[in-house]
There are 2 protein chains.
Amino acid sequence: MEVTIKDIAKKIGVSYATVSRALNDRAGVNAETKEMIMAEAKKMGYQPNAIARGLVMKHTHTIALVIPDITNPFFPEIARGVEEIASEYGYNTFLCNTNWDIKKEQIYLKALQEKRVDGIIIKPASDSEEDNLGHITVPVVLFNKILNDSKYSCIEIDNERGGFLATKHMIEAGYKKIAFIGGKPDSFSNTQRMEGYKLALQRYKYKIDESLIINGSFKTQSGYETMTRLIESGNLPDGVFAGNDVIAFGVLQSAKEHGLDVPNDLGIVGFDDIPHADLPQIQLTTIAQPKYLMGKYAVEILLNEIKNKAKKEVKRIILDPELIERKTTRGLQSW
Amino acid sequence: MEVTIKDIAKKIGVSYATVSRALNDRAGVNAETKEMIMAEAKKMGYQPNAIARGLVMKHTHTIALVIPDITNPFFPEIARGVEEIASEYGYNTFLCNTNWDIKKEQIYLKALQEKRVDGIIIKPASDSEEDNLGHITVPVVLFNKILNDSKYSCIEIDNERGGFLATKHMIEAGYKKIAFIGGKPDSFSNTQRMEGYKLALQRYKYKIDESLIINGSFKTQSGYETMTRLIESGNLPDGVFAGNDVIAFGVLQSAKEHGLDVPNDLGIVGFDDIPHADLPQIQLTTIAQPKYLMGKYAVEILLNEIKNKAKKEVKRIILDPELIERKTTRGLQSW
DNA sequence: CTGAAAGCGCTAACAG
DNA sequence: CTGTTAGCGCTTTCAG
């Protein structure tokens with residue numbers, strides 16, 4: 001049997017309230033008895049029961065991070081940020097992987113609430129917010145742009161500006177026929193990146209060619225397949241702005257297999273700046289997001305909302321994207 | 001206030017025991033009243049309190065996966081495996097990242113136990129088992145070879161054989177001066193891979209040159225730095241077996257920066273076969289581990305131990321590594 | 001089929 | 001400084 005507060009109380013001959021006080025370092029316990037209690041607790045191998053405590057305290061000191069794809073190196077970076085900061089504040093974090101499956105997300109959200117997590121940080125699998133987050137009663141912060149009247153705080157990169165920057169860079173480097181190979185079509189981030197792309201095209205008087213705008217999923221495989229299709233259909237662009245880096249990897253792969261010279265025959269820019277995008281063999285030009293920081297901020301906002309549940313104010317943090325020029329695009333100088 | 005079982009009992013005019021029975025689908029409730037209860041529960045937005053339930057039931061239906069580096073793409077693959085399978089069985093999983101920090105691991109293990117997780121799957125940050133896992137009372141399964149008298153189940157690849165295979169491959173491909181650039185020196189996996197390397201060297205009458213055996217950490221940066229040091233010290237090998245793939249990436253990077261032709265001037269083989277090791281620009285020859293499967297098996301063993309806590313038997317699963325020949329080594333044919 | 005009551009391990013008034 | 005007591009929300013005998 002597990003050793004409880006009562007066992008140690010009995011052993012020492014005090015009431016278990018006293019033991020509780022001692023263990024929790026609360027005032028009003030004689031120094032000597034406290035010491036005895038601590039010693040005995042250690043000796044008996046006492047381990048506080050957070051479940052019981054949670055039941056009375058009404059908080060669990062655990063939060064959840066729900067993400068769509070832990071296999072995309074973008075998310076582990078974020079996860080590291082939230083986890084590290086959370087644990088600094090004494091919180092554990094559940095890491096839930098929805099696999100972009102809205103049903104799975106639903107199930108997680110339900111379980112998380114039943115387990116009484118104190119708050120949730122989520123990158124939704126889909127963006128029809130109300131559908132999914134409707135039943136959540138704990139504080140939530142999203143990695144997503146959110147409708148203006150939303151009751152949730154959020155933090156994200158300015159995706160439209162990112163898309164704009166990426167496309168502008170390719171235009172200025174002299175690419176003429178620029179495709180957008182995107183990810184999940186019903187994702188805000190994706191849409192906004194595409195909007196930025198279109199905006200840049202317009203700004204520079206390029207015409208928007210819908211046959212060059214193709215969405216799929218945020219996977220390497222998807223990038224590979226749609227690029228291959230593009231090449232084999234004869235509708236070959238000389239530049240592609242990919243919805244994210246792993247898609248860009250797929251594009252790169254297809255290009256290589258078809259003997260295309262990157263960056264001369266084909267320029268590529270990605271989004272995220274995941275680890276290994278900077279390997280010399282890859283050298284992917286991309287739009288960087290401050291992943292770790294995003295995780296960090298998200299927890300801080302969340303923890304703050306948890307603490308001040310009463311007077312909550314929704315915060316929206318929009319971060320600046322940054323273009324990282326590497327070798328999958330021609331530089332201006334070479335033009 | 002949260003709606004509880006009592007609220008809905010009061011509303012309908014039954015005892016809350018009955019409500020409990022109905023909600024949990026237990027026998028002995030009149031069909032009609034059950035329906036009423038279910039309806040009311042939904043209407044009132046009742047959400048079972050898993051904390052309270054856990055307190056009485058003595059289990060939480062949550063397990064933990066503690067890993068050293070979520071940023072190494074090897075681990076997310078495993079994580080996906082455990083998470084998916086666990087959730088199929090109705091378990092949530094805490095994902096904890098120790099960052100190879102044994103103190104952090106300690107803290108997590110403590111918190112996890114206090115939160116009464118039902119079991120723990122862990123790749124220890126260090127390998128002096130007894131030190132770390134001593135206080136754990138719940139079932140544990142390790143991703144690590146374990147002493148023969150250990151009380152824990154474990155599952156892992158045959159690292160020695162992997163190291164052997166890797167080195168043998170390089171020898172047969174004609175490389176003459178093969179270095180081992182390893183990861184954490186006090187890691188079993190690392191040591192075993194090194195043993196396999198030595199074994200192959202001996203088998204083929206190569207002499208073992210300790211100046212060619214260098215450990216560091218399981219990071220790209222570490223691989224990059226030690227390779228660079230090797231090159232700049234003039235002690236240039238013509239082959240390196242890296243402790244894992246991300247190290248190999250670093251080696252690759254250094255090689256490239258120093259104008260070495262891979263695979264002709266330098267052959268490289270990694271370990272793990274992480275995603276993106278197969279990109280055409282990388283094409284890393286490596287030793288594959290069945291990552292997802294390892295995660296899956298780990299949960300299955302764990303869940304089984306949880307169920308049969310009484311008659312537990314320790315299981316040791318040793319999986320076979322597989323050499324994946326790609327382009328960072330010469331093939332036999334080209335020799 | 002249903003209700004009463006005990007208790008899971010702990011915290012927090014409230015008395016002393 | 002310390003003990004008594006009442007719950008937290010739920011499951012589970014044990015009676016009826």
Side-chain angles (χ1 to χ4, degrees), chain A residues 1-38 40-41 44-62 110-118 137-138, chain B residues 1-38 40-41 44-62 110-118 137-138:
Chain A
M1 208 50 226
E2 225 160 55
V3 19
T4 76
I5 220 176
K6 283 188 182 174
D7 299 325
I8 109 150
K10 205 173 302 172
K11 190 90 166 212
I12 309 212
V14 294
S15 78
Y16 62 92
T18 303
V19 176
S20 171
R21 278 190 278 257
L23 258 20
N24 290 293
D25 221 26
R26 239 172 281 290
V29 181
N30 175 30
E32 272 179 48
T33 57
K34 177 166 175 179
E35 236 170 89
M36 284 182 58
I37 291 171
M38 300 305 266
E40 190 62 31
M44 298 178 76
Y46 172 72
Q47 286 191 317
N49 185 328
I51 291 288
R53 176 180 289 158
L55 186 56
V56 11
M57 302 290 264
K58 263 107 163 56
H59 63 242
T60 52
H61 271 251
T62 109
K110 183 157 171 288
L112 258 13
Q113 294 232 92
E114 295 190 353
K115 294 205 168 138
R116 298 300 190 259
V117 296
D118 293 338
T137 53
V138 293
Chain B
M1 205 52 225
E2 225 159 51
V3 19
T4 76
I5 219 176
K6 284 188 184 175
D7 299 324
I8 108 150
K10 205 173 301 172
K11 191 88 167 213
I12 309 212
V14 295
S15 77
Y16 61 91
T18 303
V19 176
S20 170
R21 279 190 277 258
L23 257 19
N24 290 292
D25 221 27
R26 239 172 280 291
V29 181
N30 177 28
E32 271 178 49
T33 57
K34 177 166 174 179
E35 236 170 88
M36 283 182 59
I37 291 171
M38 300 306 266
E40 190 61 30
M44 298 178 76
Y46 171 73
Q47 285 190 318
N49 184 329
I51 292 288
R53 176 181 288 158
L55 186 57
V56 11
M57 302 290 263
K58 262 99 164 61
H59 61 243
T60 52
H61 272 253
T62 109
K110 183 157 171 289
L112 256 14
Q113 294 230 93
E114 295 190 353
K115 295 207 168 136
R116 297 300 191 260
V117 296
D118 293 338
T137 54
V138 293

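Here is the naming used below: chain letters follow the sequence lines, and residue numbers restart at 1 for every chain.
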To the nearest Å, give me how far apart CD1 (B:Ile51) and P (C:dG7) are. 23 Å
Nearest 0.5 angstrom please: A:Leu23 CG to A:Ile8 CD1, how far? 5.5 Å
Atom pair distance, as rounded to whole Å: CG in B:Leu23 and C1' in D:dT12: 15 Å
Which of the following nucleotides, C:dC10, D:dT2, D:dC10, is nearest to the side chain of B:Val56? D:dC10
Separation of A:Asp7 atom CG from C:dG9 atom P, in whole Å? 8 Å
When the distance from NZ of A:Lys34 to P of D:dT2 is rounded to whole Å, what number comes out? 12 Å
If you compare every side-chain N and O of A:Tyr46 against the phosphate oxygens of C:dC10 (OP1, OP2), does one of them come in below 4.0 Å? yes
A:Arg53 CZ to C:dT11 P: how many Å, rounded? 5 Å
Can you check the B:Asn49 CG to D:dG7 P distance for me, whole Å? 18 Å
Go through C:dC8, D:dT12, C:dA12 for me and flag the one nearest to the B:Ser20 side chain. D:dT12
B:Thr4 has a side chain; which of C:dC8, C:dA4, D:dC10 sits nearest to it? D:dC10
Any side-chain N or O of B:Thr18 under 4.0 Å from OP1/OP2 of C:dG3? yes
What's the closest nucleotide to the side chain of A:Val14 if the choices are D:dG3, D:dA6, D:dC8? D:dG3
Rounded distance [0.5 Å steps], CD1 in A:Ile51 versus CZ in B:Arg53: 12.0 Å
Rounded to the nearest 0.5 Å, what's the gap from CD1 on B:Ile37 to CZ on B:Arg21? Could you check? 9.5 Å
By nearest-heavy-atom nucleotide on DNA chain C, the more 5' of B:Tyr16 and B:Arg116 is B:Tyr16
If each of B:Ala31 and B:Ala52 is mapped to the nucleotide of DNA chain C with the nearest heavy atom, which maps nearer the 5' terminus, i.e. the 5' end? B:Ala31
Rounded to whole Å, how long is the line connecting atom CZ of A:Arg21 with atom P of C:dA13? 12 Å
Would you indicate, yes or no, if C:dT2 has its OP1 or OP2 atom less than 4.0 angstrom from a side-chain nitrogen or oxygen of B:Thr33? yes
Above 12 or not: heavy atoms from other molecules or residues under 6.0 Å from NZ of A:Lys11? no
From the candidates C:dC8, C:dC10, C:dT2, the one with an atom nearest any side-chain atom of B:Lys58 is C:dC8
Would you give the length of the straight line joining atom CG of B:Leu112 to atom CG of B:Asp118, rounded to the nearest 0.5 angstrom? 11.0 Å
Between C:dG3 (P) and B:Asn30 (CG): distance, integer Å: 11 Å
